[in-house]
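Below is one structure, written out as C-alpha cells; comments come after it.
Not measured: the values here are computed from a predicted model.
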Amino acid sequence: MSEQQPNPYASDPSQGGDYRWGPGEASYGYPQPYPGAPAYQPTMGAGVPAPAYPAATPGGASFSVGDISVAGDQIITPSGSMPLRGAMWNATDFSRTEEKIPTHAIILAVIFFLFCLLGLLFLLMKEKKTTGYIQITVTSGGRHHSTMLPATDAMSYQRVMGQINYARSLSI
C-alpha cells in the first residue's frame with residue numbers, strides 16, 4: 001500500500017496558531033446576534049414605568065404613511081415602536097393603470113356613424129382606471145414592518161414616494 005501523506009495545509013504548532021475553516025467572528029455582511037432586553041426596567045422616578053411611546057418633541061416631524069407614524073424620534077407601528085435614526089424605508093409599486101374605450105363611446109360611435117362620418121371621433125374617448133397597491137416597508141432597530149396602501153390614481157406612487165423620501169431625510 002501507499003504511505004499516507006501529511007496534510008500540507010494543516011496548521012503547524014511551531015507557527016503559533018490554530019487555523020479554523022470558515023469565518024471567524026461576525027463582521028460586515030454576516031448576521032449579528034439580536035440584542036437582548038435591557039438588564040433593568042427604565043422608570044420615571046418612584047418606580048413608575050416609562051411610557052411605551054414617547055410624546056412627540058416640539059418641532060419634530062409628525063406624519064403618517066398608512067399605519068406607520070413618525071413622531072419625534074420614533075417610528076410607531078402596530079407591532080411596536082422603532083428608532084427613527086438609521087431606519088431603512090422602501091416602497092414598491094404593485095399598481096397598474098388600464099386605459100380602455102368606454103362602452104357608451106362605442107355605442108355613440110355606431111349611432112353617429114350611420115348619420116355622419118364624425119361618429120368615429122367618439123372612439124378617441126379613453127377611460128383610465130388604476131388598481132392595485134403600494135407596499136411600504138420600514139426596518140429599524142432589529143424590527144421590520146410592512147403595510148399596503150391602495151392606489152387610487154396614477155399619481156399615488158409619486159405622492160407616497162414624496163413622503164418616503166421625507167422620512168428617509170429624517171432617518172439620517
Side-chain angles (χ1 to χ4, degrees), residues 22-109 121-172:
E25 295 185 23
S27 62
Y28 184 76
Y30 289 98
Q32 302 294 327
Y34 189 76
Y40 65 93
Q41 175 65 33
T43 59
M44 292 176 31
V48 177
Y53 301 118
T57 57
S62 181
F63 69 96
S64 64
V65 181
D67 60 357
I68 301 171
S69 299
V70 175
D73 62 347
Q74 294 288 315
I75 301 168
I76 302 169
T77 65
S79 59
S81 64
M82 300 179 244
L84 179 61
R85 174 168 238 139
M88 293 187 339
W89 297 83
N90 291 314
T92 308
D93 189 9
F94 291 114
S95 66
R96 66 179 189 185
T97 302
E98 298 173 345
E99 185 175 291
K100 69 175 192 162
I101 301 172
T103 308
H104 65 274
I106 296 172
I107 293 171
L108 289 173
L121 291 176
F122 285 108
L123 295 178
L124 295 176
M125 293 173 59
K126 301 288 182 186
E127 182 180 73
K128 289 185 178 182
K129 183 179 179 184
T130 301
T131 58
Y133 291 90
I134 300 167
Q135 180 184 30
I136 300 161
T137 58
V138 61
T139 304
S140 179
R143 290 184 175 212
H144 176 82
H145 184 73
S146 178
T147 186
M148 302 283 268
L149 297 177
T152 56
D153 60 3
M155 296 301 291
S156 295
Y157 184 67
Q158 281 76 15
R159 282 192 296 273
V160 168
M161 280 306 295
Q163 290 180 314
I164 296 299
N165 287 332
Y166 179 62
R168 286 175 179 164
S169 69
L170 296 174
S171 297
I172 295 176

If I take atom OG1 from residue Thr103 and atom CG from residue Leu108, how far apart are they, to the nearest 0.5 angstrom?
11.0 Å
Atom OG1 in Thr137, atom CE in Met88: separation rounded to 0.5 Å?
8.0 Å
For Ser146 and Gln135, does a side-chain donor sit closer than 3.5 Å to a side-chain acceptor?
yes
The single option from Met155, Gln163, Met161 passing side chain to side chain contact (heavy atoms under 4.5 Å, CB included) against Arg159:
Met155
Closest heavy-atom pair, Ala91 versus Ile164, reported as atoms and distance to 0.1 Å, is CB-CG1, 4.2 Å
Testing the basics here: between Thr77 and Gly80, what is the closest heavy-atom pair and its distance to 0.1 Å?
OG1-O, 2.6 Å
Hey, mind stepping through Ile101 and Met125 against side-chain contact (heavy atoms from CB on, under 4.5 Å) and telling me if it holds?
CA-CA 6 Å; Ile101 301 172; Met125 293 173 59; 5.6 Å; no
As an exercise, state the distance from OG1 of Thr147 to CD1 of Ile134, rounded to the nearest 0.5 Å.
11.0 Å
Shortest non-hydrogen separation from Val138 to Ala87 and the atoms involved
CG2-CB, 4.2 Å
Locate the shortest heavy-atom distance separating Trp89 from Ala167; write the atom from each residue and the value.
CE2-CB, 3.5 Å
Spacing of Thr92 atom OG1 and Tyr157 atom OH [to the nearest 0.5 Å]
6.5 Å
State whether the side chain of Ser140 and the backbone N or O of Pro83 hold a donor-acceptor pair below 3.5 Å, judged by distance alone.
yes
Smallest heavy-atom separation, Ser169 atom then Tyr166 atom, equals OG-O, 2.6 Å
Considering all heavy atoms of both residues, which atom of Thr130 and which atom of Ser95 are nearest to each other, and what is their separation?
CG2-CB, 4.4 Å
So, do Arg85 and Asp73 sit near enough that their side-chain heavy atoms are less than 4.5 Å apart?
no
Between the CG atom in Asp153 and the CD atom in Gln158, the distance rounded to the nearest 0.5 Å is 9.0 Å
Quick check for you: to the nearest 0.5 Å, what is the distance between Leu149 atom CG and Ile68 atom CD1?
8.0 Å
Please check if atom NZ in Lys126 has more than 12 non-hydrogen atoms from other residues, nucleotides or ligands closer than 6.0 Å.
yes
Does some side-chain heavy atom of Asn90 sit less than 4.5 Å from a side-chain heavy atom of Arg168?
yes
Identify whether the distance between the nearest side-chain nitrogen and carboxylate oxygen of Lys100 and Glu98 falls below 4.0 Å.
no
